[in-house]
Structure formats: C-alpha cells, structure tokens
Peer 1: 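My questions all concern the structure below.
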Amino acid sequence: MATTKAIKTIGVLTSGGDAPGMNAAIRAVTRSAIFNGFKVKGIYRGYKGLVNNEIVDFKTYHVSNIIHHGGTILKTARCSEFKTAEGRQQAYKNLKKNGIDALVVIGGDGTLSGAKQFASEYDIPIVGLPGTIDNDLYGTDHTIGYDTALNTIMWCVDRIRDTAASHERLFFIEVMGREAGFLALNGALACGAEAAIIPEISIEQDQLAELIQNGFRESKGSAIVLVAESPVTGGAMGLAERVRKEYPQYDVRVTILGHLQRGGSPTAMDRILASRMGAAAIDALLEGQRNIMIGDDDERIVYVPFSKAIRQNKPIDRDLLETLKRLSL
Ligand code: ADP
C-alpha cells in the first residue's frame with residue numbers, strides 16, 4: 001500500500017458534468033498541495049486525459065485569476081474507455097509515467113464511481129470532491145455548484161414570472177436534477193413557485209393531478225411550477241402535454257432552463273465551499289486517507305467513503321414541500 005510518506009506528486013482532474021466552483025476547487029487543491037510541499041499535475045479532460053496522457057505540471061500561477069470563473073480550466077469530458085479494464089490500465093500507466101502518487105478528482109456520482117473502481121484495482125490514494133449542480137451526493141449537505149445553479153434558476157424564474165402573471169398562464173419550468181429534486185424543490189421555494197414536481201414524490205403520487213385539484217386558480221391567475229428533468233416526472237414537456245389533454249382550460253407554457261443552469265460565475269457560497277473542500281482534500285491525503293469524498297455536514301468537513309457517497313440516495317427534506325404548499329396559497 002502506498003503510504004502518505006510516499007506521496008510526492010498529486011494529480012487533479014475535473015470530470016463529468018461541469019459545475020460552477022470547480023475552478024475554485026482546482027485552485028484550492030493546487031495551492032494547498034504546493035503549500036504542503038507536494039508537486040501538482042493538472043490532468044485535462046477528466047479520465048479521458050488520464051487515458052490519453054494529457055497531463056501538465058501545475059504551478060501556483062496556473063490557477064491565478066480563476067476563482068470567479070464558471071466551468072473548469074482543466075476541461076471536462078465523459079470517457080467510455082475508463083469504464084473498461086484496459087482503459088483503466090492505460091490510465092494507471094500514465095499516472096506512473098508522470099510520477100503521480102495520489103489523485104484528487106472533482107465531479108459527481110459517475111466520477112466518484114470511476115474513482116472507486118480504479119482504487120479497487122490499483123494502489124493509488126484518491127480523494128474526491130463533490131462537484132455537481134445536482135446536490136445528489138450522499139454525505140454532504142451541499143455540492144460545489146449547487147448554490148450557483150439555484151441562484152441562476154431564481155434569476156431566470158423571476159423573469160418568467162413577469163410574463164406568466166401578465167398573460168395569466170401556467171408555466172412549467174424544467175430544471176436539471178436527474179433523479180433528484182433538490183434544484184426543483186429549493187428553486188421553487190426561492191422563487192415563490194406554486195409547486196415543485198420532483199421524482200422522489202412523483203414516484204408515489206400524481207403530483208400534477210394534486211396541483212390541479214388543489215385549485216391554485218382560486219386565488220391567483222398564473223402559476224409557476226418547477227419540474228425536475230427526470231423521466232419519473234415526465235419533464236416539463238410531458239406534463240404540459242398532459243395538461244393540454246386532461247385540463248384544457250389552462251393556458252400552459254414550457255421553459256427548459258437547460259445548460260443555462262451550469263454556467264456563470266460561482267456564488268460566494270460555492271467559492272467558499274470549494275476552497276474549504278479543496279484544502280481539506282490535501283489535509284485528508286496528509287492524514288493517510290484514501291477513497292473518500294470530502295463532505296460538509298453542518299459546516300463541518302467530513303470524510304465520506306466513496307461507497308456511501310454514491311450508493312445511498314440522499315433524501316430530500318419533505319418538510320420543505322409542506323412549506324412550499326403552505327406558502328403558495
Ligand atoms: P458525473 O461525475 O457528473 O456524474 P458521469 O456520470 O458522466 O458524470 O461520469 C463521469 C465519468 O466517470 C464517465 O465518463 C466515466 O469515464 C467515469 N465513470 C462513471 N461510472 C464509472 C464506473 N462505474 N466505472 C468506471 N468509470 C466510471
């Protein structure tokens with residue numbers, strides 16, 4: 001087993017879906033590693049760059065002037081080769097070739113699944129940082145990028161509200177979130193929306209029928225409903241189709257926010273979270289930790305085993321749904 005003493009050079013990569021704050025995380029990992037006497041190598045395009053040997057020396061200046069930029073200076077990609085044993089073998093050869101003794105990977109569920117698989121086959125300490133706008137990783141209250149995405153959603157919905165109110169329309173606004181309704185639910189609260197249609201609830205009950213039966217029209221002329229993109233909810237298009245067929249009295253419109261939600265300058269919350277987590281990743285390696293994700297639990301840094309971070313579904317707070325209902329009378 002590689003020990004902490006053996007670590008001289010740390011590789012850092014961003015992988016999967018990009019999230020605002022990834023640059024702040026790269027900066028924190030790089031600077032904290034250099035502060036602690038490690039060498040740093042930047043790996044471009046996530047696991048793809050590891051397989052294709054797109055690896056460069058990183059000095060402190062490589063991460064100058066990036067904390068306020070969205071996206072990732074290391075680029076990101078999806079890499080099917082890394083899902084194969086041959087691909088991972090090639091990746092390991094490149095790590096050795098570049099003298100990399102430990103890895104910090106920044107990404108979502110898929111990135112951490114890849115890290116777990118890689119670490120089970122090769123002797124390389126890996127620490128993960130939760131970088132995803134979805135906030136769907138277990139063991140951390142917040143993921144890097146989530147707060148910025150929520151603020152972007154709020155900015156967009158505030159504008160849609162003006163036209164929805166003027167035309168007295170029902171608007172379904174689709175937000176990202178795959179199988180998780182965090183963006184839709186908390187976005188709905190932040191925007192004062194009438195409802196959030198999220199996979200965690202839609203799986204059990206017909207949220208659309210409930211919304212209509214609750215008669216949101218009794219007290220207001222227009223309505224904003226945030227919908228998670230998941231196939232469980234039917235997405236905004238699917239729901240609008242249903243309204244046109246089942247409730248033709250409503251004038252329904254759809255807006256899909258799409259990739260707008262991924263971009264933009266990270267909020268203060270995301271920059272702070274990314275900075276704390278990036279520094280914590282290096283602390284974890286110094287302590288001899290491996291195969292863990294850095295999480296935040298009530299503002300405290302915690303270490304979450306990969307298996308836990310990716311396997312368990314993070315529960316939504318159902319009280320928030322109740323609050324949303326109460327406030328949308
Ligand atoms: P995210 O990290 O945002 O969830 P993806 O799900 O696209 O993004 O995963 C990013 C990359 O992680 C994939 O392109 C693949 O290279 C790698 N990966 C995902 N799951 C696995 C796995 N089970 N084994 C090996 N690599 C994986």
Side-chain angles (χ1 to χ4, degrees), residues 11-23 25-26 29 43-55 70-72 74-95 103-122 124 126-140 142-149 175-183 199 228-231 258-259 261-263 266 270 273-274 277-278 281 291-295 304-314:
V12 58
L13 62 81
T14 50
S15 154
D18 64 313
M22 278 182 162
N23 281 329
I26 297 166
V29 168
I43 301 160
Y44 282 85
R45 297 177 184 82
Y47 295 129
K48 202 172 207 158
L50 207 49
V51 174
N52 296 335
N53 200 29
E54 296 182 73
I55 301 173
T72 158
L74 281 175
K75 313 292 181 192
T76 185
R78 296 195 155 96
C79 175
S80 49
E81 292 105 305
F82 198 72
K83 290 190 170 175
T84 67
E86 296 75 34
R88 291 191 296 274
Q89 190 182 36
Q90 187 57 41
Y92 187 69
K93 276 188 193 156
N94 286 332
L95 281 182
L103 268 182
V104 177
V105 301
I106 306 164
D109 183 61
T111 300
L112 298 183
S113 301
K116 179 173 174 282
Q117 180 64 33
F118 195 46
S120 73
E121 296 165 334
Y122 296 98
I124 175 100
I126 310 182
V127 173
L129 296 187
T132 164
I133 65 167
D134 297 347
N135 202 33
D136 59 349
L137 289 164
Y138 189 87
T140 188
H142 305 103
T143 56
I144 297 164
Y146 173 60
D147 186 64
T148 306
V175 299
M176 286 184 170
R178 289 199 209 169
E179 300 306 312
F182 294 99
L183 283 173
E229 68 181 335
S230 159
H259 287 83
Q261 296 161 88
R262 287 260 181 89
D270 273 331
L273 185 69
M277 286 182 160
N291 310 336
I292 49 125
M293 179 194 82
I294 303 293
V304 188
F306 284 154
S307 50
K308 206 168 167 187
I310 58 182
R311 256 198 229 128
Q312 300 186 23
N313 281 337
K314 181 167 163 180

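Both ligands and their constituent atoms are indexed starting at 1 by order of listing. Computed from a prediction, not measured in an experiment: that's the story for all the values here.
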Peer 1: Side chain to side chain contact (heavy atoms under 4.5 Å, CB included) with Thr132: which residues, sequence neighbours excluded?
Peer 2: Asp134, Asp136, Leu137, Thr143
Peer 1: Please could you name the atoms of ligand 1 that Tyr47 approaches to less than 4.0 Å, counting only its heavy atoms?
Peer 2: 12 (O), 16 (O), 17 (C)
Peer 1: Do the ring planes of Phe118 and Tyr122 sit parallel (below 30°), tilted (30 to 60°) or perpendicular (above 60°)?
Peer 2: tilted
Peer 1: May I ask whether Asp109 places a heavy atom under 4.0 Å from ligand 1?
Peer 2: yes
Peer 1: Spell out, as yes or no, whether a donor-acceptor pair under 3.5 Å connects the side chain of Gln261 to the backbone of Met176.
Peer 2: yes
Peer 1: Any donor-acceptor pair under 3.5 Å linking the side chain of Asp270 with the backbone of Thr148?
Peer 2: yes
Peer 1: Please check if the number of heavy atoms outside Lys75 that lie under 6.0 Å from its NZ is greater than 12.
Peer 2: no
Peer 1: Within a distance under 4.0 Å of any heavy atom of Ser15, pick out the atoms of ligand 1 and give their elements.
Peer 2: 10 (C), 11 (C)
Peer 1: When you compare the side chains of Gln90 and Glu86, does any donor N or O come within less than 3.5 Å of an acceptor on the partner?
Peer 2: no
Peer 1: Taking heavy atoms and a distance under 4.0 Å, where does Phe82 meet ligand 1: side chain, backbone, both or neither?
Peer 2: both
Peer 1: For Pro305, is there any backbone N or O sitting under 3.5 Å from a side-chain donor or acceptor partner on Asn291?
Peer 2: no
Peer 1: Suppose we measure from atom 7 (O) of ligand 1 to each protein heavy atom; which comes out shortest, and what is that distance?
Peer 2: Arg78 NE, 2.5 Å
Peer 1: Purely on distance, is any nitrogen or oxygen of Arg88 under 3.5 Å from one on ligand 1?
Peer 2: no
Peer 1: So for ligand 1, is Gly107 a polar contact partner (N or O within less than 3.5 Å, distance only)?
Peer 2: no
Peer 1: Ignoring hydrogens, just give me the one of Gly17, Cys79, Ser113 whose non-hydrogen atom is nearest atom 13 (C) of ligand 1.
Peer 2: Cys79
Peer 1: Among Asn52, Thr111, Thr76, which one satisfies side chain to side chain contact (heavy atoms under 4.5 Å, CB included) with Tyr47?
Peer 2: Thr111
Peer 1: What atoms of ligand 1 come closer than 4.0 angstrom to any heavy atom of Gly16?
Peer 2: 1 (P), 2 (O), 3 (O), 8 (O), 10 (C)
Peer 1: On a heavy-atom basis, I'd like to know which of Gly110, Ser120, Gly114, Gly128 is closest to atom 12 (O) of ligand 1.
Peer 2: Gly110
Peer 1: Return the residue, atom name and 0.1 Å-rounded distance of the protein heavy atom closest to atom 2 (O) of ligand 1.
Peer 2: Thr111 OG1, 2.5 Å
